[in-house]
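Order of the sequence lines fixes the chain letters, A, B, ..., with proteins taken first and strands second; residue numbering starts at 1 for each chain.
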Number of protein chains: 2
Amino acid sequence: MSELAGVAPSTVTRALKGDTRISKKMRDRILGLAKEHGYMPNALARTLSSGKSGLYGLVLGSAENPFYMELLHEATRQAEKLGFRLLIIHAGGGPIEDITAQSLIQYQVDGCIISSAILSSRAAEICAQNNVPLVMVNRVALAHGCFVTCDNRAGGAEIARLMIARNRRRFGLIYTASSSSTSREREEGFVSELEQAGLELTIRIDGHSNYDGGFAAGQQIANLPLPERPDAIFALSDIMAMGVLDGLRLASINVPEDIAVAGFDGLASSARPIYNLTTIQQPLPLMIQRAFELLKARTLDPSLPDELIAMRGKLIVRSSTGQA
Amino acid sequence: MSELAGVAPSTVTRALKGDTRISKKMRDRILGLAKEHGYMPNALARTLSSGKSGLYGLVLGSAENPFYMELLHEATRQAEKLGFRLLIIHAGGGPIEDITAQSLIQYQVDGCIISSAILSSRAAEICAQNNVPLVMVNRVALAHGCFVTCDNRAGGAEIARLMIARNRRRFGLIYTASSSSTSREREEGFVSELEQAGLELTIRIDGHSNYDGGFAAGQQIANLPLPERPDAIFALSDIMAMGVLDGLRLASINVPEDIAVAGFDGLASSARPIYNLTTIQQPLPLMIQRAFELLKARTLDPSLPDELIAMRGKLIVRSSTGQA
DNA sequence: AATGCGTGCGCAAACGTTTGCGCAGACTGA
DNA sequence: TCAGTCTGCGCAAACGTTTGCGCACGCATT
């Protein structure tokens with residue numbers, strides 16, 4: 001491109017970046033040539049030279065939870081607006097292989113959003129060494145790194161208060177054994193609020209963080225003899241709650257008359273008439289926005305300390321928990 | 001790294017690549033040092049020098065269809081195994097902005113998988129100029145580019161034969177107005193098979209390619225006076241079929257007794273007991289595999305002609321279409 | 001007319017690889 | 001012992017930018 005215009009490469013760079021040192025005439029000429037020839041600067045060469053790639057890594061969780069799909073779309077939307085790109089580092093429930101984590105370094109990403117799984121401590125260490133900032137979304141960090149989460153405790157407590165106000169007294173919890181910080185906090189919030197009211201869980205079932213697990217839990221509860229059956233169920237994620245609802249439905253148990261059900265996350269699909277699920281909606285757009293802000297700031301100044309951000313979720317009351 | 005070992009950069013490169021010209025002793029020393037210092041070659045510098053980035057672009061469709069989530073996960077899984085990375089170019093229903101398409105060039109991707117949306121002809125032209133091979137998955141190409149699809153016509157026909165064999169005689173179709181090649185072919189296959197049996201569609205409703213559209217269509221059909229009501233519905237995608245099923249369910253219409261329902265795609269969620277949806281399952285893993293093979297081959301030899309691959313889908317008969 | 005300053009651009013090093021080529025030294029065969 | 005062949009490694013150009021610095025020219029100030 002530079003030889004095409006008959007000028008020095010530096011002039012092209014500065015013209016394209018709108019540097020004031022370049023005359024308007026020269027700038028217009030270069031811009032014209034660039035448009036005409038469909039020229040665009042090689043982002044890789046730029047990265048090599050400037051150190052900033054405009055690339056952020058993204059680690060996604062299991063395909064079984066639509067939450068990650070919503071997260072991906074929101075992140076992509078914002079990235080397009082802000083003018084940088086997303087590199088998929090991993091997607092799925094499994095652990096991140098070291099070799100996968102290496103691409104964070106190899107492709108010189110400016111940072112990484114981790115919404116699931118955990119980097120091995122070795123991988124995390126390498127990121128730290130190479131000044132690759134990390135932000136966990138919907139997860140809290142282990143050793144170091146920022147995070148942005150929903151206020152899971154408060155959300156769990158809010159669901160508990162709602163259930164109590166609906167005169168429910170026997171509580172079931174659908175949790176997940178592969179206990180992430182997220183689900184642990186939600187449970188604690190729920191249970192401690194129950195305890196304050198002198199109530200407690202009557203049953204606790206592992207829902208494996210997916211629909212099928214929730215469905216099985218719903219069936220299991222439906223098969224319980226009436227005295228043991230809970231009249232309220234809190235599933236720690238919407239996807240499990242939807243499974244529970246279907247499990248109960250196929251067993252002809254009425255929601256919310258027989259059992260009230262609530263979830264957590266605020267998935268788009270929780271609003272479907274067939275579910276009408278009461279839930280705590282995570283402020284996903286804002287969470288992603290903050291995550292990017294944290295990353296960007298740390299790209300500019302790696303010495304910034306970790307920030308830990310929690311956001312209040314929004315209680316959405318639907319018919320799955322009935323009327324007061 | 002090279003100065004760390006006190007050797008030339010070229011020696012490091014060749015040692016890491018296992019070049020036979022390097023002695024085992026030297027190679028071991030360099031490998032040892034690399035491991036010790038957590039060294040990994042800069043993929044960007046490599047790209048600049050070699051011309052191959054190991055990066056593939058990925059264009060995903062709407063968040064409303066889990067199909068794209070399954071596609072993403074499968075693509076990610078295979079990419080991890082094959083040792084290259086995925087760059088998200090776009091995700092969502094909207095069109096691809098030119099500026100987004102530019103990142104294909106700017107980041108020197110070795111190719112791009114497009115599962116939705118259409119590149120502007122200008123963007124496609126730029127890709128062609130820069131030798132960025134494109135493969136459409138689940139879409140047919142417009143001007144040029146390879147594609148890998150399911151045999152949509154045959155699939156549609158197969159559903160028609162199944163419905164006819166189940167003694168259904170009044171057929172409803174849930175299509176999508178933003179007619180992609182995919183949905184058009186499915187419809188043609190279905191309708192032409194009906195015509196061969198002397199049958200025809202009695203109703204045709206736009207399901208907008210999402211759950212809500214399918215749900216509304218289900219409700220609309222449920223409200224039809226009995227003589228006008230179809231006894232079989234083919235939704236051109238599973239996500240719409242699931243909406244239809246729930247729309248019918250809430251109107252207390254029995255599936256498959258009153259109406260048989262079938263979809264297309266073979267989503268994991270179509271197997272849920274609450275749906276038990278008869279569908280044509282797309283061979284997604286194989287489709288993605290072929291797509292990557294096509295891209296890789298064209299990276300090595302850009303002069304290769306476009307290839308157009310169609311794969312037979314697998315009919316999965318479940319209870320939503322009843323017994324013969 | 002000499003000095004100083006701002007404007008507009010080029011020069012060249014640097015980023016971290018890859019790759020063709022070249023050049024030693026050791027080994028082989030005559 | 002001498003030419004020829006291998007083996008093992010370095011040299012240097014190239015990839016396409018960015019960025020600090022320098023230089024020439026025109027202009028305003030003394």
Side-chain angles (χ1 to χ4, degrees), chain A residues 1-31 33-34 37-55 83-85 102-110 129-132 299-300, chain B residues 1-31 33-34 37-55 83-85 102-110 129-132 299-300:
Chain A
M1 173 68 189
S2 67
E3 64 268 21
L4 201 153
V7 299
S10 50
T11 305
V12 176
T13 293
R14 292 195 252 255
L16 259 32
K17 296 182 80 174
D19 194 304
T20 56
R21 292 187 300 174
I22 303 298
S23 66
K24 178 158 169 32
K25 213 174 96 188
M26 174 67 94
R27 210 164 71 85
D28 288 348
R29 194 166 77 84
I30 293 183
L31 253 41
L33 275 175
H37 291 77
Y39 165 84
M40 4 195 145
N42 182 325
L44 272 42
R46 167 180 296 163
T47 304
L48 195 55
S49 177
S50 72
K52 307 280 157 263
S53 64
L55 225 44
F84 52 79
R85 307 285 143 228
Q102 288 188 357
S103 43
L104 284 173
I105 313 298
Q106 296 196 268
Y107 286 92
Q108 304 276 102
V109 302
D110 289 343
Q129 274 181 15
N130 293 60
N131 285 330
V132 176
T299 305
L300 298 175
Chain B
M1 173 66 188
S2 67
E3 63 269 20
L4 201 153
V7 300
S10 49
T11 305
V12 176
T13 294
R14 295 195 250 255
L16 260 32
K17 295 182 80 174
D19 193 305
T20 56
R21 294 188 300 176
I22 303 297
S23 67
K24 177 154 170 35
K25 213 174 98 186
M26 174 66 94
R27 211 165 71 84
D28 289 347
R29 194 166 75 84
I30 292 184
L31 254 39
L33 275 175
H37 291 77
Y39 165 84
M40 5 195 146
N42 182 325
L44 274 39
R46 165 179 299 163
T47 304
L48 195 56
S49 178
S50 72
K52 306 280 156 264
S53 64
L55 225 45
F84 52 79
R85 306 286 144 228
Q102 289 188 357
S103 42
L104 283 172
I105 313 297
Q106 297 195 267
Y107 286 93
Q108 305 276 102
V109 301
D110 289 342
Q129 273 181 16
N130 294 60
N131 286 330
V132 176
T299 305
L300 298 174

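- Between B:Tyr107 and A:Leu44, some side-chain heavy-atom pair lies under the 4.5 Å cut-off.
- Residues from residues 37-53 of chain A with heavy atoms under 4.0 angstrom of DNA chain D, sorted by number: A:Tyr39, A:Met40, A:Pro41, A:Asn42, A:Ala45, A:Arg46, A:Ser49, A:Ser50.
- Note that the CG atom of A:Asp110 and the CZ atom of A:Arg85 stand 13.0 Å from one another [nearest 0.5 Å].
- In this structure, CD1 in A:Ile22 is found 11.5 Å from CG in A:Leu31, a value given to the nearest 0.5 Å.
- Using modelled atom types, one side-chain atom of B:Ser50 and one backbone atom of B:Arg46 make a donor-acceptor pair closer than 3.5 Å.
- Considering only residues two or more places apart in sequence or on other chains, B:Thr13 meets the side-chain hydrogen bond (donor to acceptor under 3.5 Å, both in side chains) condition with none of them.
- No side-chain heavy atom of B:Gln108 sits under 4.5 Å from any side-chain heavy atom of B:Leu55.
- The bend of the helix from C:dA1-D:dT30 to C:dA30-D:dT1, defined by the angle between the axes of its first five and last five pairs, stands at 50° to the nearest 10°.
- Partners of A:Ile30 according to the side chain to side chain contact (heavy atoms under 4.5 Å, CB included) rule, which considers only residues two or more places apart in sequence or in another chain, are A:Met1, A:Val7, A:Thr11, A:Val12, A:Ala15, A:Leu16, A:Met26.
- Running 5' to 3' along DNA chain C, contacts with non-hydrogen atoms of chain A at under 4.0 Å begin and end at C:dG8 to C:dG16.
- Between A:Leu33 and A:Arg29 the shortest side-chain heavy-atom distance falls below 4.5 Å.
- Heavy atoms only, all atoms of each residue included: A:Ala45 and B:Leu48 are closest at CB-CD1, 3.8 Å.
- Taking all atoms of both residues into account, the shortest heavy-atom contact from B:Ile105 to A:Met40 is CB-SD, 4.1 Å.
- Here A:Asp19 does not pair with A:Lys17 in a salt bridge; the nearest charged N to carboxylate O distance is not below 4.0 Å.
- A heavy-atom distance below 4.0 Å to DNA chain C is reached by these residues of residues 14-25 of chain B, ordered by number: B:Arg14, B:Lys17, B:Arg21.
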